[in-house]
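A quick write-up on the structure given underneath.
Protein chains get the first letters and strands the later ones, always in sequence-line order, with residue 1 at the start of each.
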Amino acid sequence: MTAKTVLGDANQVRVAIDLIEMGARLQLLQQETSLSRERLLKLYKEVKSESPSKGMLPYSTDWFMSWQANIHSSLFMDTYQFLVKNAGIDGVQALISAYRLYLDHIQGIENSEPVLSLTRAWFMIRFFKAEMLQLASCTECGGDFVTHANELDANYVCGICHPPTRAGKTKAARLAAAAQYA
Amino acid sequence: MNTKQLQEGIREINLNYLMLAQQMIKKDKPAAIFRLGISQDLVEVVGDLTPTQMIKMAASNMLLCRFRFDNNLLSNLLEDYSKGRMMSQAHAAILMSAQPVEELA
């Protein structure tokens, strides 16, 4: 983590650029790199040619529970844990790799956009470390999904096996369908 | 399809598979481990293969890669049309990441 050497410093800048390109907020950069706030600010403006957004970070575990968000965050978290377990990487490297894989995956599917932002993904990892969230196995498909910690989930069924009635029937989806027939 | 054509097809797939796997490994190792579903040791072995070794390995009559999903996952992948593409693809990835990687014994 230290940037005492020139090489270490270059590495930290590389990591910071990756994170900024993927849409990281300044608070995340400060936590995950050892660069000073001033340098990060400057770097941010150079990469994005705009000032970083200010204000509070999205701090809520409930966001991860709504239907679509839950599927996206489960996809990310499963990827992240797979990498930590099998690829021997950790910390910010695992975050970057997993988020890139998540983006690749979503972009490979038509008509879908990434819902989970990098900052939320990072927060989710912290929620897992703080044991506020956990993974539960769906009793029907066996996949692991994000749930609140200590939830009574002996008979947990995931949102893909049993989607809620109105899931995915948004205004945007309706408009897209109408445009297809027109 | 006679036996000769069959064996040729297998060899072609083997070579393609090895070449693609090596490219993926050289580009981004962690991502390759995730996408190929093989262990770190195996990734090292495949990543270090020389072209000659690869051709020799591919010239076998057995397929070098195999299916990496169980029935549950397979049925999910096939259900594509009933649930929409986004969901079945995401579902497949979620289930696949829960599977163990192929390892060297």
W122(A)-E32(A) side chain donor-acceptor pair, cut-off 3.5 Å = yes
Do L35(A) and V47(A) sit in the same hydrophobic cluster, where Ile, Leu, Val, Met, Phe, Trp and Tyr count as joined when their side-chain heavy atoms come under 4.5 Å apart?
-> yes
Enclosure of Q27(A) CD (heavy-atom neighbours >12, cutoff 6.0 Å) | yes
Which region of F76(A), side chain (C-beta onward) or backbone (N, CA, C, O), has a non-hydrogen atom less than 4.5 Å from a non-hydrogen atom of chain B, or is it both or neither?
-> neither
Residue selection (most heavy-atom pairs with chain B, distance under 4.5 Å) from A98(A), S74(A), A87(A) = A87(A)
Quick one: side-chain hydrogen bond (donor to acceptor under 3.5 Å, both in side chains) pairs with a partner in residues 23-52 of chain B, sequence neighbours left out?
-> D104(A)-R35(B), K29(B)-E44(B), T50(B)-Q53(B)
At a heavy-atom separation under 4.5 Å, does C138(A) approach chain B through its side chain, its backbone, both, or neither?
-> neither
Does any heavy atom of chain B fall under 4.5 Å from the side chain of S97(A), the backbone, both, or neither of them?
-> side chain
